[in-house]
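Structure record follows, encoded as structure tokens.
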2 protein chains.
Amino acid sequence: MKISELARLARSNAETIRYYEREGLLSKASRSESNYRIYTAAHLERLIFIKHCRNLDMTLGEIRTLLRFKASPEENCGEVNRLLDEHIEHVVRRIGELQELERQLRDLRECCPDGRQAAACGILEGLSQPSLEKTPGNHVPGVHASFANNINKS
Amino acid sequence: MKISELARLARSNAETIRYYEREGLLSKASRSESNYRIYTAAHLERLIFIKHCRNLDMTLGEIRTLLRFKASPEENCGEVNRLLDEHIEHVVRRIGELQELERQLRDLRECCPDGRQAAACGILEGLSQPSLEKTPGNHVPGVHASFANNINKS
DNA sequence: GCTTGACCCTGTAGCGACTCAAAGGTTTTA
DNA sequence: TAAAACCTTTGAGTCGCTACAGGGTCAAGC
Ligand SMILES: [Zn+2]
Ligand SMILES: [Zn+2]
Ligand SMILES: [Zn+2]
Ligand SMILES: [Zn+2]
């Protein structure tokens, strides 16, 4: 099959598939006479696997590790289980950060229940106070970014 | 003061400050004879405001809006309050997505409580099943990315 | 006076995981 | 036969920084 059919079957899209090939997640497809990529059922299976992992918010690095284990079925899967445990920890930690964030935001929101002049807005005022800085290791964009981003000193 | 002192006082760093200037969040500093940026207390105040907003995981776009209101104190702050409500919604939605993710990950983890051969690993097997696709609008990297990213068709 | 080191500047590239568009080649359909 | 619908490569854009590289400036110590 050609790339757009593979994309349709995996509910992915062609550009993502080419990207995965560049990144080495998907092995290079064979080519037709006119240089079109030709895929097999094995490619589809692998792409679906990747998609499931991405649905679970794993990084491509984590997925690469899982794929290595899929490729060597005789090895012990302890590392797979450990990877999943760690990833669960990534998600749990991020949930905690966001819950703390929600608390802070709701506190702030209560500073201005009604519409006033901006000069008297409790929210703008609250954001100007130096007291808000207590947040520990937050403002993390993604589930993983808490580790990548927090190499800042702050 | 020069840029690194501003950075120290705001617990930020010089490169970020220059980036904010490029992005128009911080007004251009005046320059010394030797072309160094020279900052005032007003810059510090504004930078601290920005930092608080970032600590609350707002985007630079959201922050830009808030800064506009700070700059025009006679306007009604209803839009500020609305922006905050929407941002709280961003966070709440992301928490929900991540909780669903955590459930799915824990389900998957239970498929392989012990270390086996990778060929028999319940996790690798679970990820290969086509059943996992139920997740609705997920695999979203950040609090906001759920809106930016989900313009994909999937 | 001279060197060292700590600053400062601009400009560019990189991160992750794509997404989009340009500019062209091929295949299918009307 | 011509238009539409594919396919190809390449390069740039997203977000919020961070990290160079390759320079200029400045204060202190010798
Ligand atoms: Zn993870
Ligand atoms: Zn208000
Ligand atoms: Zn928001
Ligand atoms: Zn296992």
Side-chain angles (χ1 to χ4, degrees), chain A residues 1-8 10-26 28-39 47 50-51 53-64 90 138-154, chain B residues 1-8 10-26 28-39 47 50-51 53-64 90 138-154:
Chain A
M1 78 190 89
K2 284 183 285 183
I3 198 166
S4 68
E5 195 185 352
L6 178 65
R8 193 177 49 76
R11 295 185 194 173
S12 184
N13 81 57
E15 274 142 5
T16 304
I17 292 167
R18 283 189 283 253
Y19 171 72
Y20 286 163
E21 182 184 308
R22 276 200 301 286
E23 291 296 302
L25 289 162
L26 232 45
K28 302 217 170 194
S30 58
R31 297 295 181 116
S32 75
E33 264 187 25
S34 52
N35 198 33
Y36 289 8
R37 289 173 181 82
I38 302 296
Y39 294 97
L47 180 54
I50 295 171
K51 223 214 158 195
C53 293
R54 289 292 300 133
N55 282 349
L56 296 171
D57 242 348
M58 295 181 197
T59 62
L60 298 190
E62 288 169 333
I63 297 169
R64 243 183 290 266
H90 299 166
N138 69 350
H139 68 87
V140 232
V143 207
H144 301 95
S146 47
F147 317 108
N149 273 3
N150 282 12
I151 304 167
N152 66 16
K153 303 88 204 174
S154 160
Chain B
M1 76 189 92
K2 284 184 283 182
I3 197 165
S4 68
E5 195 186 352
L6 177 65
R8 193 176 50 75
R11 294 184 194 172
S12 183
N13 82 57
E15 274 143 2
T16 304
I17 292 168
R18 284 189 283 253
Y19 171 71
Y20 286 163
E21 182 184 307
R22 277 201 302 285
E23 292 297 303
L25 288 162
L26 231 45
K28 303 218 171 194
S30 58
R31 296 296 182 117
S32 75
E33 262 187 28
S34 52
N35 199 32
Y36 290 7
R37 290 173 180 82
I38 302 297
Y39 294 97
L47 180 55
I50 294 170
K51 223 214 157 196
C53 293
R54 290 291 302 132
N55 282 349
L56 296 171
D57 242 349
M58 294 181 198
T59 63
L60 299 190
E62 288 169 333
I63 297 169
R64 243 183 289 266
H90 299 166
N138 69 349
H139 67 89
V140 231
V143 207
H144 300 95
S146 46
F147 316 111
N149 273 4
N150 281 12
I151 305 168
N152 67 14
K153 303 89 204 174
S154 160

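Each chain gets a letter, A, B and so on, in the order the sequences are listed, and its residues count up from 1. The figures here come from the full heavy-atom set of this structure, side chains too, leaving out hydrogens, waters and symmetry mates.
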Whole Å only: how far is the CZ atom of A:R8 from the P atom of D:dC7? 11 Å
About how many Å separate NZ of B:K28 and CZ of B:R22, when rounded to the nearest 0.5 Å? 10.5 Å
Could you tell me whether the side chain of A:Y20 reaches within less than 4.5 Å of the side chain of A:R54, counting heavy atoms only? yes
Whole angstroms only, please: what is the CZ-C1' distance between A:R64 and C:dA17? 11 Å
Using five pairs at either end of the helix from C:dG1-D:dC30 to C:dA30-D:dT1, determine the angle between the two local helix axes and round it to 10 degrees. 30°
May I ask you to verify if any side-chain N or O of A:S4 is less than 4.0 angstrom from the OP1 or OP2 atom of D:dA5? no
Do A:I38 and A:M1 come close enough that some side-chain heavy atom pair is under 4.5 Å? no
Could one point to a donor on the side chain of B:Y20 or the base of D:dG16 with an acceptor on the other under 3.5 Å away? no
Are B:H90 and B:E62 packed together at the side-chain level, in the sense that at least one heavy-atom pair is separated by less than 4.5 angstrom? yes
Separation of A:K51 atom NZ from C:dA17 atom P, in whole Å? 16 Å
Distance test, side-chain N/O of A:S34 to OP1/OP2 of D:dT8, below 4.0 Å: no
Find the distance between OG1 (B:T16) and CG (B:L26) and round it off to the nearest 0.5 Å. 11.0 Å
How long is the line joining CD of A:E5 and C1' of C:dT28, in whole Å? 15 Å
Matching residue for A:N35 among A:E33, A:R31, A:R37 - test: side-chain hydrogen bond (donor to acceptor under 3.5 Å, both in side chains): A:R31
Can you tell me the distance, in whole Å, between the OH atom of B:Y39 and the C1' atom of C:dC9? 11 Å
Could you tell me the separation between the CG atom of B:N13 and the C1' atom of D:dT18, rounded to a whole number of Å? 8 Å
Nucleotide by nucleotide, nucleotides 10-16 of chain C touches protein heavy atoms under 4.0 Å in the pattern (B base, S sugar-phosphate only, - none) B------
Is there a side-chain contact between B:T16 and the phosphate of D:dG16, meaning an N or O under 4.0 Å from OP1 or OP2? no
Find the distance B:I17:CD1 to C:dC7:C1' and express it as a whole number of Å. 14 Å
Looking at every heavy atom in both A:N13 and A:A7, which two are closest together, and how far apart are they? CA-CB, 3.6 Å
Do the charged groups of B:E5 and B:R8 touch, with an N to O distance under 4.0 Å? yes
From CG of B:D57 across to C1' of D:dC15 the rounded distance in Å is 12 Å
